[in-house]
Amino acid sequence: MSCLGNVLWFIFGGFFSGISWFLAGCLWCITIVGIPWGKQCFKFAGLSLFPFGKEVEYGGGVGSLLLNLIWLILSGIPLALVSAVWGCVLCVTIVGIPFGLQHFKLAKLALMPFGARVV
């Protein structure tokens, strides 16, 4: 199921989502200060290309908490809301439920990406 889900996800928007996250990460990495945010964008790019069969493990310490607070204020809330809304829309139909669950996974990662690891 995860292979078929990844193929369908990639065809119907995962490719463009992954490329956009990759380009955003490259833009963040232009400055030295933006490298931590760029690394998080690369994490999103990898997960948004093929999310089925991957899990997100959360951990981290005080540094991750401080960076997550800055991320949350600057861009975390809008990103999480967009993914949560798409997740709700897709969960209306039975066929869309697996894709909606992947959007909920992205929404959770959008809130607190620092200290999270995609496995």
Side-chain angles (χ1 to χ4, degrees):
M1 176 61 189
S2 66
C3 183
L4 178 63
N6 278 329
V7 168
L8 290 174
W9 181 277
F10 187 79
I11 291 171
F12 293 112
F15 174 74
F16 295 112
S17 177
I19 293 297
S20 64
W21 277 110
F22 177 77
L23 293 174
C26 290
L27 287 175
W28 272 109
C29 287
I30 289 174
T31 64
I32 294 174
V33 177
I35 290 176
W37 283 271
K39 287 175 64 177
Q40 301 314 308
C41 290
F42 294 140
K43 187 185 302 182
F44 274 104
L47 187 62
S48 65
L49 281 175
F50 302 108
F52 287 90
K54 293 183 182 176
E55 295 297 323
V56 180
E57 294 178 353
Y58 293 94
V62 176
S64 295
L65 177 67
L66 293 174
L67 289 172
N68 277 328
L69 289 174
I70 295 169
W71 173 274
L72 192 64
I73 293 168
L74 293 178
S75 61
I77 293 173
L79 291 173
L81 284 175
V82 167
S83 289
V85 167
W86 273 110
C88 290
V89 168
L90 287 169
C91 283
V92 170
T93 65
I94 293 174
V95 176
I97 289 175
F99 300 101
L101 294 176
Q102 300 310 311
H103 272 289
F104 291 139
K105 185 190 311 183
L106 287 169
K108 186 176 176 184
L109 184 63
L111 286 175
M112 302 289 179
F114 289 93
R117 205 169 54 109
V118 177
V119 182

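These numbers come from the heavy atoms of this one structure, side chains and all, not from hydrogens, waters or symmetry mates. The model shown is predicted, which means the values in this text are computed figures rather than measured ones. Throughout, residue positions are numbered sequentially from 1 according to the sequence presented.
For residues 109-119, the set of pairs meeting the salt bridge (charged side-chain N to carboxylate O under 4.0 Å, His left out) definition, not counting sequence neighbours, comprises Glu57-Arg117. Residues in residues 87-110 take part in no salt bridge (charged side-chain N to carboxylate O under 4.0 Å, His left out) pair, two or more places apart or across chains.
Side-chain N or O atoms of Ser83 include none that pairs as donor or acceptor with a backbone N or O of Ala80 at under 3.5 Å. Counting only distance, with no hydrogens or angles, the side chain of Lys39 and the backbone of Gly34 share no donor-acceptor pair below 3.5 Å.
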Discussion item. Please evaluate residues Leu109 and Leu47 with respect to the criterion side-chain contact (heavy atoms from CB on, under 4.5 Å), reporting the C-alpha separation (whole Å), side-chain torsions for both, the decisive distance (0.1 Å), and the verdict.
Written reply: CA-CA 10 Å; Leu109 184 63; Leu47 187 62; 3.6 Å; yes

Worksheet item: Are Ser17 and Phe44 close enough, and set up right, to give a side-chain contact (heavy atoms from CB on, under 4.5 Å), and what steps lead you there?
Response: CA-CA 9 Å; Ser17 177; Phe44 274 104; over 6 Å; no

Discussion item. One pair to check against side-chain contact (heavy atoms from CB on, under 4.5 Å): His103 and Leu90. What are the steps and the verdict?
Written reply: CA-CA 9 Å; His103 272 289; Leu90 287 169; 3.4 Å; yes

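In terms of hydrophobic clustering, with Ile, Leu, Val, Met, Phe, Trp and Tyr side chains grouped at heavy-atom distances under 4.5 Å, Ile19 and Leu27 are assigned to different clusters. Note on Phe104 and Phe99: separate hydrophobic clusters, where clusters join Ile, Leu, Val, Met, Phe, Trp and Tyr whose side-chain heavy atoms are under 4.5 Å apart, directly or indirectly. The same ILVMFWY cluster, assembled from side-chain heavy atoms under 4.5 Å apart, contains both Ile70 and Trp28. The hydrophobic clustering, which links ILVMFWY residues whose side-chain heavy atoms are closer than 4.5 Å, places Val85 and Leu111 apart.
If you take OG on Ser64 and OH on Tyr58, they are separated by 12.5 Å, rounding to the nearest 0.5 Å. With rounding to the nearest 0.5 angstrom, the CG atom of Leu69 is 4.5 Å from the CG atom of Leu65. Separating the CD atom in Gln40 from the CD1 atom in Ile35 is a distance of 12.5 Å, to the nearest 0.5 Å.
Partners of Leu79 by side chain to side chain contact (heavy atoms under 4.5 Å, CB included), not counting sequence neighbours, listed by chain and number: Trp21, Trp71, Ser75, Ala110. Phe16 is linked by a ring pair (Phe, Tyr, Trp, His ring centres under 6.0 Å) to nothing, counting only residues two or more places apart in sequence or in another chain. With sequence neighbours left out, the side chain to side chain donor-acceptor pair (under 3.5 Å) criterion links Glu55 to no other residue.
Taking a 6.0 Å sphere around CD1 of Ile32, one finds it holds 12 or fewer heavy atoms contributed by other residues, nucleotides or ligands.
The two residues Phe42 and Gly25 make their nearest non-hydrogen contact at CZ-C, 3.6 Å.
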Donor-acceptor pairs under 3.5 Å, side chain of residues 3-14 to any protein atom, not counting sequence neighbours: which ones?
{"unit_1": "Asn6", "atom_1": "OD1", "unit_2": "Phe52", "atom_2": "N", "d": "2.9"}
{"unit_1": "Asn6", "atom_1": "ND2", "unit_2": "Ser2", "atom_2": "O", "d": "3.2"}
{"unit_1": "Asn6", "atom_1": "ND2", "unit_2": "Phe52", "atom_2": "O", "d": "3.1"}
{"unit_1": "Trp9", "atom_1": "NE1", "unit_2": "Ser48", "atom_2": "O", "d": "2.7"}

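Between Phe114 and Leu66 there is no side-chain heavy-atom pair separated by less than 4.5 Å. Side-chain contact between Trp37 and Pro113 is absent, with no heavy atoms from C-beta onward closer than 4.5 Å. By the 4.5 Å heavy-atom criterion applied to side chains, Cys41 and Phe22 are not counted as neighbours. Looking only at side-chain heavy atoms (C-beta outward), Leu72 and Met112 come within less than 4.5 Å of each other.
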